[in-house]
Every structure is written in structure tokens, then in C-alpha cells.
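Working notes, structure below.
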Amino acid sequence: MDELNLLRSARSDMPVPEAALNRGRAALLEHAGSHASSPRDAVPRAKRRRGRRIAIGSLTTVGAAALATTLVFANVVGLAGWRGGADAAAAAVLEEASAAAITSVDPVLSAGQYLRVNTRGVHLASGGIDDVVASYQYLSDDTLYRPADPADDWVWVRGPQSVYATFGDESEKIADAWRRAVSESDSFESGDLLRAPGGAFYGGSARAGFDDLDTLPRDPYLLLNYIYRVTLGAGPSPDTEALVFMADRLRTGVVPADLRAAMYRAAAMIPGVEFVDGQATLDGRTGVAIGRVEDAWGTRMEIIIDPATGEFIGEREVAVRDLADQGLPAGTIISWTAVVIDVVDNAPAGGTPYGKMDPCDDGASGC
């Protein structure tokens, strides 16, 4: 399928004849039709971070799948005059950060050392009492210790969660109910410390659903193509979902330097990505905010990076209009997560080995 390959591999500096583009579009329609039976099942995706981020619907017909696939590849091709990419200021920042990231050295652990990844953030939650439904924010502070030998015990310090902000009387009432409920759980009030061989917390994998970090393409064009393909049908738009895909992985704090570099360049090819703030402070650290407004949500998704080092500082989501259904005025920082990584010689001792909290987990008699 030469036309399909041509359309996939095109670059902004490689003009393509209109006739070839038309053949490519036709090839895409035929290709999509042959795979329309399960357009969303090829690669599993991570759970979305906010409950209201719901996929826009399954593509259940050949026509719908063909249209969506055509849109996906149009994003990737990036031909001048098609749909464009980030604005000039955002593209410049992302290019600088990419160049810095590709020259940086990932942390190297000696035997017995740990990579410490601290993720501190504020998250939006909603609840209801009788006929009252309202939103509030809570704070989390978690630290994960990843050993030099991945087969050894990983240590996860789950910090106490607490109410961070409320928005009016109804919000305060719902937050108080949540506060009372979690006060009955020691792990929420005083924190918790878990251990798991190989990082298999809660029966999952060490990377908690992000096992693709080693296999994702390092070429930014191929990477963006891959992201659009595997997120097909998720989120309110392919472009916002692509940025969310990157932010989800960057938030783990363990994305290798070459992949970070590719992600930054890929983000520069996403239409609607723009420069937001040259002095964005997140949990005491300052970087440059690059974001994209999603009209369907009424919010702007942002990633905050240090262009001088290529370091990912964190992410945040900001309301760009009043969200009356959640009681949030325009300008509210709905959620944010700050990521800090370093290398340490020791991890906290003690803790609960995951899988041994209940004797029945070990097959004890009488269970």
C-alpha cells in the first residue's frame, strides 16, 4: 500500500502531490474499513485522571472508523496548510526542551540505591448527599522508591490525603463528609507504607499501566502517529487526548531522556498547543507552561517544563470558563501534579508487604 505509506511518512518540508494525497486518503479509508470491527481494542489505554473525561463514543461503523482514522493521520502528516501545530512560541520552547533532554543523562543507580519519585498534587473530586452534589479538591503526596534491581522490593509511601479547597457551602458540606469518612482509615489520616517485590502493587505491573516506555517510538513523527492510533476514540478530541497520553507518562517521573525529547517535539506538532506562561510556578518550582484548550471540557491542559534542562516539572488543568455544574469559576486551577526525582541510598524500612495484609492471601487454613 504505497500511498498509505507515503501519507504516513510525509513531513512538513516534503511537498506531496495532490494526486498522491488523494490516493493516500482513499487507501486510508480502505485500510480503516478492513479494521473497523475493533478500532479501540488493539492497545489498552491508561485510565483517565478525571471522572468526567469519558470517551466520545465507540466507532461502530465502517464509515465512522474511516473518518476517525483519516483525521488521525491528518494530524500526523503535518503538511503545511493542513491543520498546523503548536504556535511559534510553544514550538520554540518545546524544541529547546527537547534539545536539552536529549543531551541529559538519566539517573544511574548503583547496587542498593533507589530512584525516589515524589508526586505531590491536588485533585478534583465530587460527591453527593441527598440531592446535593458538589466538587472539592484534595491533596495527595506520594513517594515511590524504585530499587536498582527491579526484582527487589519497591517501597511506596502513601502520604495522608486532606481537603485542599472547597467552593461554597455545598462544596464544604460534601468535603466534610469525605473528611469524616477517610478519618476512619489510618492510611488516609497518617499515611501508609507498602512494599512489593518487582513493584507489583495491587497485583499490577511496576509501571502501573505504562509498560510501553521502552517500546514507544523515539522518532517524534512516528511517536505522534502511534499515539493518535492507540488513543483513537478516547477523550473529547484526538489532539487533547494525545497531550494527555504524554502527560500521563511524563508524570511517572521515569520517562527516559530520549523519549522525553521525542515527546516534546511530538507535542509541537499537535494543533492548538500554545505558549501559556513563561514563569509558571508549580509547588514551589518554576518552568514554562505549554497547553491546549479543550472546548468540550472548558479547560486547558498544561505541561510545565524546564527548557534549559528538558526536565518535566509537572502538569495542571485550568478552567477557561465558568464550570457551573462543578461550581468552579474561570481561572480555577482544577488539578495539578508536581514531580521530583532523585537518587537515594536507602528506602524507608518496615511497611506492609503487599499481598500479606490478609493471612488468607497466603492460603492459610480456615480461609
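For the single chain, residues carry numbers from 1 onward in sequence order.
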Only one of Asp142, Asp283, Asp342, Asp141 passes side-chain hydrogen bond (donor to acceptor under 3.5 Å, both in side chains) with Asn118; say which it is.
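Passing option: Asp141.
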In this structure, which one of Glu317, Arg292, Arg316 forms a side-chain hydrogen bond (donor to acceptor under 3.5 Å, both in side chains) with Thr299?
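Considering Glu317, Arg292, Arg316, a side-chain hydrogen bond (donor to acceptor under 3.5 Å, both in side chains) with Thr299 is found only for Glu317.
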Minimal non-hydrogen separation, [X] against [Y], with atom names:
X: Val133; Y: Glu170; answer: O-OE1, 4.3 Å
X: Pro307; Y: Ala100; answer: O-CB, 3.5 Å
X: Val273; Y: Ala267; answer: CG2-O, 3.6 Å

Between Arg249 and Asp212, does any side-chain N to carboxylate O distance fall below 4.0 Å?
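Salt bridge present between Arg249 and Asp212.
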Sidechain N-carboxylate O distance under 4.0 Å for Asp258, Arg218:
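Yes, Asp258 and Arg218 are salt-bridged.
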Can you tell me how far the CH2 atom of Trp154 sits from the CG atom of Leu115, to the nearest 0.5 Å?
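Between atom CH2 of Trp154 and atom CG of Leu115 there are 9.0 Å.
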Atom pair OH (Tyr228) and CE (Met269), whose distance is rounded to the nearest 0.5 Å:
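Between atom OH of Tyr228 and atom CE of Met269 there are 8.5 Å.
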Which word best sums up how the rings of Trp178 and Tyr136 line up, parallel for under 30°, tilted for 30 to 60°, or perpendicular for over 60°?
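Tilted.
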Classify the ring geometry between Tyr138 and His123 as parallel (under 30°), tilted (30 to 60°) or perpendicular (over 60°).
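The rings of Tyr138 and His123 sit tilted, inter-plane angle from 30° to 60°.
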Asp176 vs Arg179, test: salt bridge (Lys or Arg N to Asp or Glu O under 4.0 Å). Steps then yes/no.
CA-CA 5 Å; Asp176 281 343; Arg179 187 186 292 111; 2.3 Å; yes
Side chain to side chain donor-acceptor pair (under 3.5 Å), that's the test. Do Ser335 and Gln137 meet it? Break it down for me.
CA-CA 8 Å; Ser335 63; Gln137 292 175 320; over 6 Å; no
Determine whether [X] and [Y] make a side-chain contact, defined as any pair of heavy atoms from C-beta on separated by less than 4.5 Å.
X: Phe312; Y: Val255; result: no
X: Asn346; Y: Tyr145; result: no
X: Val339; Y: Ile341; result: yes
X: Arg120; Y: Ser140; result: no

Passing candidate, side-chain contact (heavy atoms from CB on, under 4.5 Å) with Ile304, options Ile290, Ile313, Val276
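The single option meeting the side-chain contact (heavy atoms from CB on, under 4.5 Å) with Ile304 is Ile313.
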